[in-house]
Amino acid sequence: MLSVLNSSRPFTDSPSPAWLKSFRERLLRWFVAHRRDLPWRKTRDPYAIWVSEVMLQQTQVATVEAYFSRFLASFPTIAALAAADEQQVLRHWEGLGYYRRARQLHRAAQVVVAEHGGVFPREIDVVRSLPGIGRYTAGAILSIAHDDPHPILEANTFRLLARLLAYRDDPRSNAGQTRLWSFAEQLLPKRDVGAFNQALMELGALICTPRAPRCDECSVAQLCPTRAQGLQAEIPPPVRKVAFESVRAAAVVVEKDDTVLVVCNPAGERWAGMWDFPRFELRGEGPTTVEQELAAQVAERTGIKVRLQRSFATLKHGVTRYRITLDAWLATARGGRLARNAWSPRWVTMDELHELPLSTTARKIAKLIAAMR
DNA sequence: AAGCCGGGGTC
DNA sequence: GACCCAGGCTT
């Protein structure tokens, strides 16, 4: 029997029935005893699970918890979400990042209402066709909500399965992805697919960690060829570093009486649908001063003539591959009228500002000026 | 296959 | 700063 489960020689084709049986039993037994009590594990509602899965895309569990409960409280059903203003949806997403997810989720809810009577579809291809839902998210929702037999592959299972296969080639390549998805499919049990998929992720998250995996606590350690060969640090190989690009930008806080000037980023622009102080990248070229350059840009975008006062803060902000240094300027209005253009410039009070969805940097600046008053 | 999305948290 | 994260989408 031990020879069947010999973990030092990884199987190259498919795992034996004995290996599969042992793996599934050990994994599920561990999961029952150690699963975290996460908010989205209290429901089998496909909609709630959908929301959690989208929030969890490239975002850590601890970050999502508070957002999830707040979002479901405000938008308890697909119909409620579909009927909501995009601004409201974005306000609930503020601080979570990758705001395209929120707009796609909102749009997808409207598709479900229009084309599926408000009922989340059960066919994997239909689910995958919804905006913001790819192979992982579709499989996760349908397996967790309905125990439908779909495999999953994401950050945790990617690492876990690569190690269970002792996969020495590049697991991120096309061939590697194909191999891991195929393995994920082979692993699927007949029943309790949702618990099984969550158990795979949970083991990856809590035990089979990127660095210094807790193999001595791992319920499937004796089935793991990577552990047998001591290759945990090599499998999977670390991702290559990205080269960051430095950007200098300025945001202008124009004050008039007890209001400030804000704009709404139009569709196609960064932070689409979210409000911001007029903000511009600084070229640092030409004969004009920064003050003149900014005043000209504010006037062009908002119609308001301003005089720059002073830079009162510098924010360092990293987003994707950019490193942004953002100077926050104070300015006073000198006339002009609000332009009627795609940027929808508006004067708002601090109370109104509080209700609008703001970019992270805009929210920080809003807090700064609130504290200055 | 690679790069982008203009994020955010952690250590 | 390096590293990581319950990915999706475009080219």
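Small disclaimer: the values here were computed from a predicted structure and weren't measured. The basis for the numbers below is simple: all heavy atoms, side chains too, and nothing from hydrogens, waters or symmetry mates.
For the pair M55(A) CE and dG8(C) P, the computed distance is 16 Å after rounding to whole Å. The CE atom of M201(A) sits 20 Å away from the P atom of dC4(C) (whole-angstrom rounding). In this structure, Y98(A) places its OH atom 8 Å from P of dG7(B), rounding to the nearest Å. A straight line from OH of Y322(A) to C1' of dG8(B) spans 17 Å, rounded to a whole angstrom. The distance between atom CD of Q58(A) and atom C1' of dC3(C), rounded to the nearest whole Å, is 13 Å. Taking atom OH of residue Y67(A) and atom C1' of nucleotide dG7(B), one finds them 10 Å apart after rounding to whole Å. Between the CZ atom of R172(A) and the P atom of dC4(C) there is a distance of 9 Å, rounded to whole Å. Following rounding to the nearest Å, L153(A) (CG) and dC5(C) (C1') show an atom-to-atom distance of 14 Å.
Checking dG6(B), dG7(B), dC4(C) against every side-chain atom of T59(A), the shortest atom distance belongs to dG7(B). Closest to the R270(A) side chain, of the nucleotides dG7(B), dA6(C), dG6(B), is dG6(B). In this structure, of dC9(C), dC5(B), dC3(C), it is dC5(B) that holds the atom nearest to the side chain of T320(A). Residue I324(A) has its side chain nearest to dG6(B) when only dG8(C), dG6(B), dG7(B) are considered. Taking the side chain of T63(A) as heavy atoms from C-beta on, and the options dA6(C), dG9(B), dG6(B), the nearest nucleotide is dG9(B). Minimum atom distance to the side chain of L38(A) is reached by dA6(C), of the listed dA6(C), dG8(B), dG8(C).
Ring pair W50(A)/Y47(A) is perpendicular by interplanar angle, where above 60° counts as perpendicular and below 30° as parallel. Note: F196(A) and F23(A) have perpendicular aromatic rings, judged against thresholds of 30 and 60 degrees for the angle between ring planes.
Mapping E281(A) and A175(A) onto DNA chain B via the closest heavy atom, the residue that lands nearer the 5' end is A175(A). Between A205(A) and R211(A), the one whose closest nucleotide on DNA chain C sits nearer the 5' end is R211(A). Comparing W40(A) and Q104(A) by the nucleotide of DNA chain C whose heavy atom lies nearest to each, the residue mapping closer to the 5' end is W40(A).
Within the 4.0 Å cut-off from OP1 or OP2 of dC5(B), not a single side-chain nitrogen or oxygen of W271(A) is found. Regarding contacts with the backbone of dG1(C), every side-chain N or O of R323(A) stays at 4.0 angstrom or more from both OP1 and OP2. In this structure, R321(A) does not reach the dG7(B) phosphate: none of its side-chain N or O atoms is under 4.0 Å from OP1 or OP2. For the OP1/OP2 pair of dA6(C) and a distance below 4.0 Å, the side-chain nitrogens and oxygens of T137(A) include no atom meeting the criterion.
Among the protein residues, R128(A) comes within range of no part of the nucleic acid, since none of its heavy atoms lies under 4.0 Å from any strand. Across all strands, P238(A) comes closer than 4.0 Å to no nucleic acid atom at all (heavy-atom distances). Across all strands shown, A140(A) has no heavy atoms under 4.0 Å from either base or sugar-phosphate atoms. Residue T360(A) is classed as a sugar-phosphate contact, given heavy-atom separations below 4.0 Å to backbone atoms only. Counting non-hydrogen atoms under 4.0 angstrom, I152(A) reaches nothing in the nucleic acid. Residue-level contact check: G204(A) touches neither bases nor backbone, having no heavy atom under 4.0 Å from any strand. Contact annotation for V61(A): backbone-only contact, meaning every heavy-atom pair under 4.0 Å involves sugar-phosphate atoms and none involves a base.
By the rule that hydrophobic residues join a cluster once side-chain heavy atoms approach within less than 4.5 Å of another member, L188(A) and I144(A) end up as members of separate clusters. Hydrophobic clustering (ILVMFWY, side-chain heavy atoms < 4.5 Å, transitive): L294(A) and V262(A) are in distinct clusters.
A cation-pi geometry, defined here as NZ or CZ lying under 6.0 Å from the six-membered ring centre and within 45° of its normal, holds between R346(A) and W275(A). Seen from the ring of F244(A), R321(A) does not count as a face-on cation partner, given the 6.0 Å and 45° thresholds. For the pair R70(A) and Y67(A), the distance from NZ or CZ to the six-membered ring centre is under 6.0 Å and the angle to the ring normal is within 45 degrees.
Going from the P atom of dA6(C) to that of dC4(B) covers 23 Å, rounded to whole Å.
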